[in-house]
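Scope of the values below: all heavy atoms of this structure, side chains included, with no hydrogens, waters or symmetry mates. Chain letters run A, B, ... following the sequence lines, proteins first and then strands; every chain starts at 1.
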Amino acid sequence: MPELPEVEIVKRSLFNKVKNQKISKVGVFNRSLRYRIEDRFEDFLKNQKILNITRKSKFIILHFLNDNYCIIHLGMTGTLHLLDNKNPNKNTNLSFYHSKILPKKHNHVEFNFSKFSLVYNDPRRFGFFKLIKSKYELDSFFKPFYPEALDSGFNLNYLKKKLKNKSKNIKNFLLDQNFVSGIGNIYASEILYYCKLNPLKKGKNLNIKNMKRIVKYTHFVLIKAIKRGGSTIKDFKNAKGSIGNFQKEFKVYERKNLKCLRKNCDGIIKKININNRSTFYCNNCQK
DNA sequence: CCGTTAACCTGAGAGC
DNA sequence: TGCTCTCAGGTTAACG
C-alpha cells in the first residue's frame, strides 16, 4: 500500500498519538504475516514505553529503552487504527488503504494503552513486525536500504556509479529498494514523468542530465506528496487527519488514454506492464 | 553477478 | 447469483 510519503504521514500520526505511551498489553491474533511474529513478541513489548517513532524508507520504527526497537512494515494492505477503550466503535484509521469494510478477521496485532488501543489490520498479510535488540542490529537491518530516496547519498555520483553498463530499465531501478529505498509503483511513474524519461530506458543509456533530473524530481515528488498528506486510492472516508490529497495531482498514474498534462505536449498517457507492475507514461514527452 | 519471473495472500470489480 | 479472470500502493526466492 504505502510508499515513503504515506508511511511518513502514518509515522506522524503515531508520533502524535502514542509517543511516551506505555504498552500495557500486546495481543497477537495471527502470527503469520510476511515473517512469522516471534513467540516472545508479546512479552518483549509488554510494559515498554514508546520513547520515539521514526521512519526510514517504508519502515516505521518504534523506539524503546536500551536500544530495543520494533520495525513495522505495512506491506501492500497494512493499516493502523486507534480504538477508544471506552467507545469501541470510535475507530480512527491512521492509514491509507481502505476497503469498504475492514473485517476483524484481518486484525492481527493489537497494542493496548491506558486510554486506547492500536490495531494492525492487513488482509493480504504482506506487512510485518520485527523486533530489534541493539543499535548494531538496527544499523545492519537498514544497511541494504541505503540510500533512501531523500538521503543525500542518493545523488549524481551514486547514480553514475550504479547505472553504469546496466541493462535494467530505470523504472525497475526506482522500484529496487536496494538501489534506492522508499519509492513504490505510483511514485516511480510520477517521478519519471517529471524527468521526461521513458520508464523502459536502460540504466546505461541515461546521461548526466537524465540522472540530475532523477535526483531532483525524486525529491520534488516525494516532498510534495508528503505536504499533500500522501496519496489515497479507492474510497476513503472517516479518516480524521489522515486523508491524502496527492492523488489529485497525479500526472500519469491511473490516467491511461488521457491527454498529457504538460503544456504544449500532445501526447497520450500509455499504460504498460513492467515486471507485472502497471506503469504509466506519456508517449510523447517521455523519451 | 545480473535481470526476470513466480510466488506469497485476500478482496474488489469486470465480464459472462 | 455465481463463476472466472484480472488487478492491487510490496517484497523476495528461485531460475536461466
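Rounding to the nearest 0.5 angstrom, the gap separating the CD1 atom in Ile186(A) from the CZ atom in Phe246(A) is 9.5 Å. Rounding to the nearest 0.5 Å places CG of Asn165(A) at 7.5 Å from NZ of Lys204(A).
dA6(B) and dT6(C) have their P atoms separated by 13 Å, with the value rounded to a whole Å. A distance of about 16 Å separates the P atoms of dA7(B) and dC5(C), rounded to the whole Å.
Listed by residue number, the members of residues 167-178 of chain A with any heavy atom below 4.0 angstrom from DNA chain B are Ser167(A), Lys168(A), Asn172(A). Using a 4.0 Å cutoff on non-hydrogen atoms, no part of residues 190-208 of chain A comes near DNA chain B. Listed by residue number, Lys271(A), Arg277(A) are the residues of residues 269-277 of chain A with a heavy-atom contact under 4.0 Å to DNA chain C.
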Expected rows: protein N/O vs nucleotides 14-16 of chain C N/O, under 3.5 Å:
none

For nucleotides 7-10 of chain B, which of its nitrogen or oxygen atoms have a protein nitrogen or oxygen under 3.5 Å away, and what is each distance?
from: dC9(B); atom 1: O2; to: Arg124(A); atom 2: NE; distance (Å): 2.7
from: dC9(B); atom 1: N3; to: Arg124(A); atom 2: NH2; distance (Å): 3.2
from: dT10(B); atom 1: O4'; to: Pro123(A); atom 2: O; distance (Å): 3.4
from: dT10(B); atom 1: O3'; to: His106(A); atom 2: NE2; distance (Å): 3.2

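Annotation for Lys19(A): atom NZ counts as buried by contact number, over 12 foreign heavy atoms lying within 6.0 Å. Enclosure of atom NZ in Lys201(A) by more than 12 non-hydrogen atoms of other residues, nucleotides or ligands within 6.0 angstrom is indicated. Shown here is Lys22(A), whose NZ atom has no more than 12 heavy atoms of other residues, nucleotides or ligands within 6.0 Å. Atom NZ of Lys216(A) has 12 or fewer heavy atoms from other residues, nucleotides or ligands within 6.0 Å.
Using a 3.5 Å distance cut-off with no hydrogens or angles, the side chains of Ser134(A) and Asp67(A) do not pair a donor with an acceptor. Using modelled atom types and a 3.5 Å distance limit, the side chains of Asn205(A) and Lys202(A) yield no donor-acceptor pair.
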DNA chain B in dot-bracket form (Watson-Crick or G-U pairs under 3.5 Å, [ ] crossing, | inter-strand) is .|||||||.|||||||

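Residues passing the ring-ring contact (aromatic ring centres under 6.0 Å, His included) test with Tyr253(A) are Phe250(A), Phe280(A), sequence neighbours excluded. Evaluation of the side chain to side chain contact (heavy atoms under 4.5 Å, CB included) rule for Leu258(A) yields Arg255(A) as partners, not counting sequence neighbours. Taking the side chain to side chain contact (heavy atoms under 4.5 Å, CB included) definition, one finds that Asp39(A) meets it with Arg31(A), Arg36(A), sequence neighbours left out. Qualifying salt bridge (Lys or Arg N to Asp or Glu O under 4.0 Å) partners for Glu254(A), counting only residues two or more places apart in sequence or in other chains: none.
Every pair passing side chain to side chain donor-acceptor pair (under 3.5 Å) that includes a residue from residues 270-284 of chain A is listed here, sequence neighbours excluded: Lys171(A)-Thr279(A). A ring-ring contact (aromatic ring centres under 6.0 Å, His included) check over residues 4-27 of chain A, counting only residues at least two apart or in different chains, returns nothing.
The aromatic ring centroids of Tyr69(A) and His63(A) lie less than 6.0 Å from each other. When ring centroids are compared, Tyr158(A) and Phe179(A) come within the 6.0 Å threshold.
Rounded to a whole Å, the CG atom of Leu74(A) is 16 Å from the C1' atom of dA8(C). A straight line from CD1 of Ile60(A) to P of dG10(C) spans 14 Å, rounded to a whole angstrom. Here the P atom of nucleotide dC1(B) and the NZ atom of Lys164(A) are 18 Å apart, to the nearest Å.
Within the structure, a side-chain polar atom (N or O) of His73(A) is placed less than 4.0 Å from OP1 or OP2 of dT11(C).
Aromatic ring orientation, Phe116(A) versus Phe113(A): tilted (interplanar angle from 30° to 60°).
Residue Tyr253(A) is classed as a sugar-phosphate contact, given heavy-atom separations below 4.0 Å to backbone atoms only.
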- Worked check of salt bridge (charged side-chain N to carboxylate O under 4.0 Å, His left out) between Asp139(A) and Lys135(A): CA-CA 6 Å; Asp139(A) 292 342; Lys135(A) 189 71 169 57; 3.2 Å; yes

